[in-house]
There are 2 protein chains.
Amino acid sequence: MSVSFSKIDPTLRRRCIDTMRMLAVDAIEAAKSGHPGACLGGSDLMMALILGPMRFDSGDPKWPNRDRFVMSKGHASMMIYAALHLCGYDLTLDEIRRFRQLGSRATGHPEYPLLPGIETSTGPLGQGFATGVGMALAGKMLAERFNTPDFSPIDYRVFAYCGDGDMMEGISYEAGSLAGHLGLGNMVYIYDSNEISIEGDMDVAFNEDVGLRFEAMGWHVLHCDGYDWEALTDAINQAVAEKDRPSLVIARTTIGRGAPTLEGSAKTHGAPLGTAEVQGLKKAEGWPLEPTFFIPDEVRACFGEVTAAKAAQHKEWDENFAKWRQNNPDLAKQWDAYFGWQQPDDLADRLYEVAKTQAGGATRAISSKVMQELYKAVPNLVGGSADLGPSNSTLLAEAGHVNHHDFAGANIHFGVRENAMAAITNGLAISGAFRPYCATFLVFSDYLKPGVRMAALMGLPSIFVFSHDSFHVGEDGPTHQPIEQLLMLRSIPGVTVFRPADALEVAAAWTYAARKDRGPLVIATTRQNVPVFERHSATTIGQVLQGATVVGEWFASGKTALDRVIIATGFEVSSCAEIAPKLAANGVSVRLVSMPSVELFLAQSQEFKDSILPPGVRRISVEAQTTIGWHRILGDGGVAIGLDHFGESAPASELNELFGFSPDKLTARLLDAMK
Amino acid sequence: MSVSFSKIDPTLRRRCIDTMRMLAVDAIEAAKSGHPGACLGGSDLMMALILGPMRFDSGDPKWPNRDRFVMSKGHASMMIYAALHLCGYDLTLDEIRRFRQLGSRATGHPEYPLLPGIETSTGPLGQGFATGVGMALAGKMLAERFNTPDFSPIDYRVFAYCGDGDMMEGISYEAGSLAGHLGLGNMVYIYDSNEISIEGDMDVAFNEDVGLRFEAMGWHVLHCDGYDWEALTDAINQAVAEKDRPSLVIARTTIGRGAPTLEGSAKTHGAPLGTAEVQGLKKAEGWPLEPTFFIPDEVRACFGEVTAAKAAQHKEWDENFAKWRQNNPDLAKQWDAYFGWQQPDDLADRLYEVAKTQAGGATRAISSKVMQELYKAVPNLVGGSADLGPSNSTLLAEAGHVNHHDFAGANIHFGVRENAMAAITNGLAISGAFRPYCATFLVFSDYLKPGVRMAALMGLPSIFVFSHDSFHVGEDGPTHQPIEQLLMLRSIPGVTVFRPADALEVAAAWTYAARKDRGPLVIATTRQNVPVFERHSATTIGQVLQGATVVGEWFASGKTALDRVIIATGFEVSSCAEIAPKLAANGVSVRLVSMPSVELFLAQSQEFKDSILPPGVRRISVEAQTTIGWHRILGDGGVAIGLDHFGESAPASELNELFGFSPDKLTARLLDAMK
C-alpha cells in the first residue's frame, strides 16, 4: 500500500509548488498580514510530502489511519491552506481569499478542530512538535492493541513541519528526548532550516549542531538541500523507512525564496512583501501577475490525480478493515470501545463504591483507588507523571509501562518534562481513542500552562492531575507550595478545575473525567489525609457535578435564618465542617457549601445558583490559595479567606497554624470576617 | 591567585566528605523529611569543588568576585548547608539541627536571599541551571566592562551542581544552548549522574547521550567516576582551564551511597533512611553512631585551613581592587554606578520628556523611546527579547549586541527560549550590577511563568516587558491573543504589573523599573496606537506610582454627584475617555480612573484609596482581558467588563467591534452595566 508521485515531471511539479507559493503570497497581500517568507521557502518540502509517502483522504479527513500532518511552524499556515485546497479538502478558494478575516477558517495560525485537515492548533512554537509526539505515541499504542498478523489497521505516521524556532524551544527538546527514548519510528519531522530568525540571522542566537543533538537524543537524522528534489525525496523516503527511531530531515532552505530584493531576509518573515516585490517575484518565476489566486488547470489536474490515488489507499484500508473486524470480533469490539469512548452505565456508582473504601485518606490516595476502577471500566485510560508518579499517586497498578519499543502498557513515564508532557497528552487526546491524563505537583502546573491553554483552545479532553494542592506540602517550602495556581488554571477559558473535598467528590471528578466533550479537566488532590465529614443530607455524584453542594447548616440557638454561607473547596471543606458547630455556638448560623468546581457551578441556572447561595445571605470563601478571583462568587459584602503570600518550609501542621487554617485560627478568622 | 587542597591526605579528605554526608543524614532523620540519597552520593563532588578551584570568603559572602555556587539540584540542600557550616558561613549547627523547621534558614530547598552563601533559590528543576547561565553572562559582561590590563576585578566562575532531573527539563536545554552559543567559558557545571529518578532507573524515561548533546550545543564535556578523586579533580581542573566554552563534568555516582540495603535505590531519594539504615551506614563507614551531628576536630581544622586560604584570595583581590580603583577612576565611578544602581535625580522628568514626543503612538513605541533615554541615564540597563525584539520594541539602539565571545553590548538575543530567558534575566539581576529586562508577547508569558515566580520568591528586580497586550494582536488569532495573562501575573505574590495608558504612565513604569528594591516588574504594552486623552488636572509620575489616578470627571446635566467610577487600564483608558462625555450625555455622571498597577494601588493607605474610589459610588472596570480578579477592586454592586473567552483571527478593528470594545459597543455595555 504505497503511492508516490515523486517521480513526477519536474516542470509540472514546479508549477504545483509555485501554485502553493503564489496562493500564499496573494492571500497574505490580500490580508495585509501574514508570513510569506516561510511559504516561499518551504513549499518544496510540503510538496515532497504530498507527492511522496503521505497517506490521506481529503474526502474523509478523520480516516483513523491517515498520516498526521502537523504544521508546527504555525505561522506558515497559508502553505497548508493552499495544500488543503489543492488536495480537495473542505476549504474553498473564497475562504483562502479571506485569509485571516473574521469567519474564515483560513485563520492566522491553524486552528483545530475548526478546519478539516488541521490536526492540531499551532502557533506557539514547539507546541506542534510536542503534540505530534503524542500523536505518534498514540499510533504506536493503538498499533500494539489492534494490529494483527493479517492486518494492521493502525500504522499511520506523523509528519511534522518544523522551523528554527521549534528547534530552540525547550518543549521540543523535552518531547524529542522522550520520542528518541521510546523509539517512535513512526515520526518523520521535516526541519525547514532557513537559518533566519525574526531578530536576524540564526547565528545571533543559535549555532548548535542540531543534527548531532538529535542523534544524541536517539533520532535518525538526515541532511539535504531543500531544493534538490532527488536528495529531498530520498531523505524523506529513508526517514519513512526507518522504523526504530524518530527521523529528522534537516532541509536547508532560503526564507522568502524568489523575492527579488528580500530573498533570505528576516523581513519576509512576518509581513506582506508588498506589490512591487510580489510582481518582481511572479515575473521572475514566470507566473502571471493576474489573476491573483491563480491555479493552472494542469495543476488542478495533477492534484486531482494525486488525491484520487491517495484516497484509493483509504478504500483499500476500508476493505481490509472490514475483513479484520469480521476476523477479530473481540478486537473490533474493543476498537469501538476505544474510539467511541464507551463506558459502563453504572460507572459513577462503581467509582463511588471504591472511593468510599479510602474515605479519610488523602484525596490523592482516594483518586488513585478510583483510577484503578476507572481503568477496569475504560481500558483506554492512559497516562503518567513527570517523574512524580509515586507522589501524585497516579500509577495504574494493573497496567504495564510504555517503554522503548514497548507500547502495550497504559502507564507513561514522561520523565521530568512537564511542558512536553501536557502537549503529548494533548496529542494522545487528539487521537480520539485514548482518555489521557498527566500529573505533577500543582505548583509545577506553571511549567505546563502553555499546554493546558492549547488543550482549552482545542477543547481537548485532556486530564491534568495535580497533587500536593496546598501549603500542606510542608517542608519542601515555598518553591513547592502552590498559591496562585488554582486561579491560574481556573482563569483559562474552557478549563474545568475540580478540587474534591471527599470520596464522593473524587468519584465525581473522575466520573466527569470519563466524559468526552468536556474540554480539559484539572483534578487537584491533597498530599495530606482529609478528615471525613458528614453531609447533612444524601448527596449524589450528579449533584456534585453541578459544581457545588450544601454540606450542611448549623443554626445558632434560637435562630432559624442563615447569617452566612461559607464556601470552601478541597481539604478546607473538612476544616470548615469541623468548626461549623463552633460558629453556631458563637451565635452565627451558617451553611457550608462545598464548591469543587467553580466553573461547573457558574454554568448552572440562576435558580440553581440561588438555591446553593441564597441571595441576601453574605458569603465567605475559604480556600488555602490566593483569594484573588473569589469575589466574583462572593458578591456584595463577601469576604475571601485564603493565603495571599508565599509559603514556608516547615511541617504542614505548623504551617496550618501559622497560616491561620488550624481549627482555632480558622474559627477566629471566620468570626472576624463576620463582623 | 590559585589555591587548591585537592592533594590533601586521602583519609582526612574522606573524613571531611563523610562529615558532610552524615550531617545531611542526621538532619534528614531529625526533620523526618528530606533527600538523603543525593547527599550520600554527591558529597565527594561538592568536596572536590571546595578543596579545589572554588573561590569564596565565608566572612564576606557578597564579595563581588567570589565564584558562584548554584545547587540546581535543590533537593540536595543539606549538602550545601553542611558545606556552608563547615566553611564558616553564618549557619550554626543548631540551625542545621532544625533543618526544614519553621524559622530555620536551613530550609527544604535553598532560599535566596535568606541564607548567605545561597546564590539563588532552587527546587523547581532546571531553574538553577538556567539562572546560573545568567550569572555567568553577568560575569562576562562585567569583565568586559571593568577588567583592565593591570587587573581583572571580575573573573568569577559559576559552578553549578546538577542532577538528572535538571538534564531532562526543557529550560536547561534552552539555557545550555544559549550558553554554548555565547561561549560562556566561565561556567563549570557538575552533573551528578546517578541514573536514578523518582520513578526508578533513569532508563525508564531518559536514555539519551547527554554528553554528546552538550557537545552538539557547543559545550566542553568531560566524563569521570565521581568517586575516583584523581579523575574527578582532573576533570574539574580541565573544566576550569577551558575558557572558550562552558564545561560539563559528567560524574558517575551512586544514589544513597553506603546505605546498607538501599544504596542505588530510588527509595533514598525523597525520604529519610530510617534508624536501622542510618546505623548500618555509619557502622559500615566507621562513623560513630553518637553523637549525631558529629564533626571530628580534624575535620573542623581542615575546613578552617581551607577557608582561611580561600579568604586570603579575597584579601589579595581587595588590595588589587583598591589599586585598580586608584588607577582607573572613571571605571571605579562606573563600578559604583553599576553596583549602586545609581541614577540621576531628574530621571522621571527626563523619561517623561521623551515619552511625550511619542504620545499617540503604541505604548510599545513610547516604551522604546523611554528605554533609550533610560539607557543613557543608567548604562547598566541590559536585556533583550525571545526573538521578538522588533515586535516588542525593546532594542537599545545605541548599544551593541552580546554575541559569541563578545560581551560589550547591552542587547541580548535570547533566541526563542522564553523559559530560560526569564531565569537568565533573574541571574543577571542577582549579580546586583545590572538592571535586566526581557521581552516577549504577553500571551507567551505562559512560557516563562516559572521564572517570574522565582523572581518573585527571591524579590529580584527583573523586568518583564510584554507587548501585544490584548486581542488587538488581531490576525494572528487566539493562540497569540492574551486573555488570562495579566491576571496570571498579578496573582503571583510580590509581582507588580504595570499596564500604562499613555506617555505619562509609560514614563512612570520605567521610573519604577529603575528602582532596585521593588521585586519583579511586568510592563504590558500595546501593539496598536493609543489615542491621546486629556487629563482634567495635571498628574505627576509620583501620583501614577500610587497605582491609580483620576483622569477626569464628566457630569450629567444638572448633576453634581458621581453615579459611577470607571476603572480602566492601558488602551482601554483612552477608549473610556473618548466615550465618557457620551455617558454624561446619557444622564450618568462618571469619574474615570486609570489604574496602571493594581498592586501599587492596593498597597496605598485606605484614605488614598477612598480618594480615588469614593466609598458609596459604584464601580465598573474595563479591561480587555478576563474579568476574573476585578471584583476584589469593584466592591459591592460592581460590574467588570472584559473578555472572558478566547480571541479570533481577524483585523483588530473588527475584533474591537465583535468583542464589544468599539466606542458604540463599549458605551452600550457601560450603560447596560449601570442599570
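Naming convention: chains lettered A, B, ... in sequence-line order (proteins, then strands); numbering from 1 in each chain. Just so it is clear, the values below take in all heavy atoms, side chains as well, and ignore hydrogens, waters and symmetry mates.
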Closest heavy-atom contact between [X] and [Y]?
{"X": "A:Ser197", "Y": "B:Asp387", "result": "OG-OD1, 3.1 Å"}
{"X": "A:His480", "Y": "B:Pro124", "result": "CE1-N, 4.3 Å"}
{"X": "A:Ser491", "Y": "B:Glu484", "result": "O-CB, 3.3 Å"}

* Asked: Is there a donor-acceptor contact under 3.5 Å from the side chain of B:Asp446 to the main chain of A:Pro450?
  -> no
* Keeping the roles fixed (side chain from B:Glu174, backbone from A:Gly170), state whether a donor-acceptor pair exists under 3.5 Å. => yes
Rounded distance (nearest 0.5 Å) linking atom [atom1] of [X] with atom [atom2] of [Y]:
{"X": "A:Asp644", "Y": "B:Leu602", "atom1": "CG", "atom2": "CG", "answer": "10.5 Å"}
{"X": "B:Arg453", "Y": "A:Met488", "atom1": "CZ", "atom2": "CE", "answer": "9.5 Å"}
{"X": "A:Leu457", "Y": "B:Thr479", "atom1": "CG", "atom2": "OG1", "answer": "7.0 Å"}
{"X": "B:Ile628", "Y": "A:Arg490", "atom1": "CD1", "atom2": "CZ", "answer": "9.5 Å"}
{"X": "A:Glu169", "Y": "B:Phe444", "atom1": "CD", "atom2": "CZ", "answer": "8.5 Å"}
{"X": "A:Gln127", "Y": "B:Tyr447", "atom1": "CD", "atom2": "OH", "answer": "4.0 Å"}

Counting C-beta onward and ignoring hydrogens, is there a side-chain heavy-atom pair between [X] and [Y] closer than 4.5 Å?
{"X": "B:Ser385", "Y": "A:Glu199", "result": "yes"}
{"X": "B:Glu418", "Y": "A:Leu125", "result": "no"}
{"X": "A:Arg100", "Y": "B:Asp476", "result": "yes"}
{"X": "A:Val204", "Y": "B:His401", "result": "no"}
{"X": "A:Leu655", "Y": "B:Leu102", "result": "yes"}
{"X": "B:Arg213", "Y": "A:Ser177", "result": "no"}
{"X": "B:Glu111", "Y": "A:Phe646", "result": "no"}
{"X": "B:Ser649", "Y": "A:His109", "result": "no"}

For [X], which atoms come within 4.5 Å of any heavy atom of chain B: side chain, backbone, both, or neither?
{"X": "A:Leu658", "result": "side chain"}
{"X": "A:Ala456", "result": "both"}
{"X": "A:Pro110", "result": "neither"}

Using a cut-off of under 4.5 Å on heavy-atom pairs, state which of [options] scores highest against chain B.
{"options": "A:Ala266, A:Pro493, A:Gly389, A:Gly474", "result": "A:Pro493"}
{"options": "A:Met217, A:Arg632, A:Met454, A:His35", "result": "A:Arg632"}
{"options": "A:His404, A:Gln485, A:Lys32", "result": "A:Gln485"}
{"options": "A:Ile412, A:Ile492, A:Asp164, A:Leu178", "result": "A:Ile492"}
{"options": "A:Val402, A:Leu388, A:Ile171, A:Thr122", "result": "A:Leu388"}

Quick one: of [options], who has the most non-hydrogen atom pairs under 4.5 Å with chain A?
{"options": "B:Asp209, B:Asn207, B:Thr107", "value": "B:Asn207"}
{"options": "B:Asn419, B:Thr626, B:Ile483", "value": "B:Ile483"}
{"options": "B:Gly629, B:Ala216, B:Gly74", "value": "B:Ala216"}
{"options": "B:Gly635, B:Gly494, B:Pro478", "value": "B:Pro478"}
{"options": "B:Asp203, B:Val443, B:Ile633", "value": "B:Asp203"}
{"options": "B:His181, B:His413, B:His631", "value": "B:His181"}

* Asked: Run the side chain to side chain contact (heavy atoms under 4.5 Å, CB included) check on A:Tyr173 and B:Glu208 step by step: do they pass?
  -> CA-CA 11 Å; A:Tyr173 157 66; B:Glu208 67 180 48; 3.0 Å; yes
* **Proximal component of B:Glu648, with respect to chain A [non-hydrogen, under 4.5 Å]** => side chain
